[in-house]
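Quick notes on the structure that follows.
Each chain gets a letter, A, B and so on, in the order its sequence line appears, and its residues count up from 1.
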Number of protein chains: 2
Amino acid sequence: MGPSHAQDHIIAERHRREKLSQGFIQLSAVIPGLKKMDKASVLGNAVKYVKELQERVKALEYQTAKRTIESVALVKKSKLSVDDGGSSSNKNNSDGAENSFPEIEARLSDKTILVRIHCENHKGVMVKVLSEIEKLHVTVTDASIMSFAGSTINITVMAQASSYFYTGQL
Amino acid sequence: MGPSHAQDHIIAERHRREKLSQGFIQLSAVIPGLKKMDKASVLGNAVKYVKELQERVKALEYQTAKRTIESVALVKKSKLSVDDGGSSSNKNNSDGAENSFPEIEARLSDKTILVRIHCENHKGVMVKVLSEIEKLHVTVTDASIMSFAGSTINITVMAQASSYFYTGQL
DNA sequence: ATGGACACGTGAAGC
DNA sequence: TGCTTCACGTGTCCA
């Protein structure tokens with residue numbers, strides 16, 4: 001048994017070490033904010049960073065999915081709006097903001113509905129709004145109303161949707 | 001020099017090896033679809049997987065940002081109210097890894113300010129918002145915060161402006 | 001036998 | 001000064 005084999009073993013092990021040393025370098029290169037260049041620290045921070053990325057991806061995917069539904073809700077908003085367009089007539093209204101109300105915005109995520117209404121402060125608007133919302137067979141979980149500039153109010157309503165909201169069937 | 005130091009050295013090195021061996025195990029645990037459990041393969045696949053996640057996050061962030069802009073555009077398009085002085089405040093964060101824009105809407109009537117913010121639900125956002133508003137030397141008269149879809153919150157703040165808000169002079 | 005992968009003990013270098 | 005981290009050579013196991 002010549003010593004050639006032993007030397008080959010040494011060289012092979014040297015190659016292996018060099019290879020995974022470069023692996024550590026490449027790994028530490030893709031991890032941002034790396035203070036310690038320790039091998040153990042690199043591995044630990046790599047695990048932490050991968051978990052963060054996975055969580056972030058999951059959150060972003062969830063968000064994008066919900067955003068799509070929200071967009072649909074936003075489009076549906078024009079159907080709920082009393083008036084749209086009409087930019088030809090009221091251009092020179094210095095008194096302002098009389099005919100543009102009510103301004104309604106709806107967001108939908110899963111079964112949670114967020115409705116924001118900015119309109120004139122008339123008597124019974126809150127009751128009217130809540131009764132309209134009740135017709136949708138949703139459960140109002142939170143609602144706030146703020147008087148703004150005396151003549152207008154800002155209503156924010158949070159509600160939980162039932163299956164009727166989607167199917168229209170009781 | 002007793003042999004205790006030499007033995008301690010051996011033990012220490014043993015601990016170190018065990019530590020980073022567990023590091024390899026933990027790392028390989030968070031990497032899906034791992035065929036080879038080689039140390040070198042773990043490192044290589046970790047690098048590849050991290051790059052994939054980073055690319056995916058970047059794409060998703062771009063998508064969400066685009067969706068957000070589209071949503072805001074939709075809202076602005078359907079909005080007929082008097083819009084004056086759209087202010088967008090973007091603070092410079094040291095981390096620089098911030099994403100997805102908050103949706104900020106401000107209304108001003110005489111000395112009454114109505115601010116509505118729809119953003120991600122991070123810890124301390126309410127405090128941040130209120131501190132930022134306080135810097136404007138306004139008096140917050142009413143504020144409501146609603147958690148929506150778990151990941152986002154809807155903040156509505158009503159405040160009274162002081163002369164500093166207009167003149168910048170105390 | 002042959003090559004690849006691993007853990008071990010050991011000497012050296014950096015705070 | 002010790003404590004830590006690293007690379008090295010070596011023995012061993014497995015396909």
In whole angstrom, what separates A/Asp38's CG from D/dC3's C1'?
-> 13 Å

Is a donor-acceptor contact shorter than 3.5 angstrom present between the side chain of B/His9 and the base of C/dG9?
-> no

Counting side-chain heavy atoms from C-beta on, which of C/dC6, D/dG9, D/dC6 comes nearest to B/Lys39?
-> C/dC6

Calculate the interatomic distance between A/Lys35 atom NZ and C/dC15 atom C1'; express it in whole Å.
-> 14 Å

Measure from CZ on A/Arg16 to C1' on C/dG4 and round the result to the nearest Å.
-> 9 Å

Integer-rounded Å distance: D/dT5 P and A/Phe24 CZ | 13 Å

Is any side-chain N or O of B/Glu13 under 3.5 Å from a base N or O of D/dC6, one able to act as donor and the other as acceptor?
-> yes

Rounded to whole Å, the CZ-P distance (A/Arg14 to C/dC6) equals 19 Å

Between the side-chain atoms of A/Arg17 and the base atoms of D/dG9, is any donor-acceptor pair under 3.5 Å?
-> yes

Return the value, rounded to whole Å, for the distance between atom NZ of A/Lys36 and atom P of C/dC15.
-> 10 Å

Identify whether the distance between the nearest side-chain nitrogen and carboxylate oxygen of A/Arg16 and A/Glu13 falls below 4.0 Å.
-> yes

Rounding to a whole Å, what distance do you find between B/Glu18:CD and C/dG9:C1'?
-> 16 Å

Measure the NZ-OG distance between B/Lys35 and B/Ser41 for me, rounded to the nearest 0.5 Å.
-> 11.5 Å

Please state how far atom CD1 in B/Ile11 lies from atom C1' in D/dC3, giving the value in whole angstrom units.
-> 14 Å

Nearest non-hydrogen partners of A/Val42 and A/Ile31, listed with the distance | O-CD1, 3.9 Å

Report yes or no: do B/Tyr49 and B/Gln54 form a side-chain donor-acceptor pair below 3.5 Å?
-> no

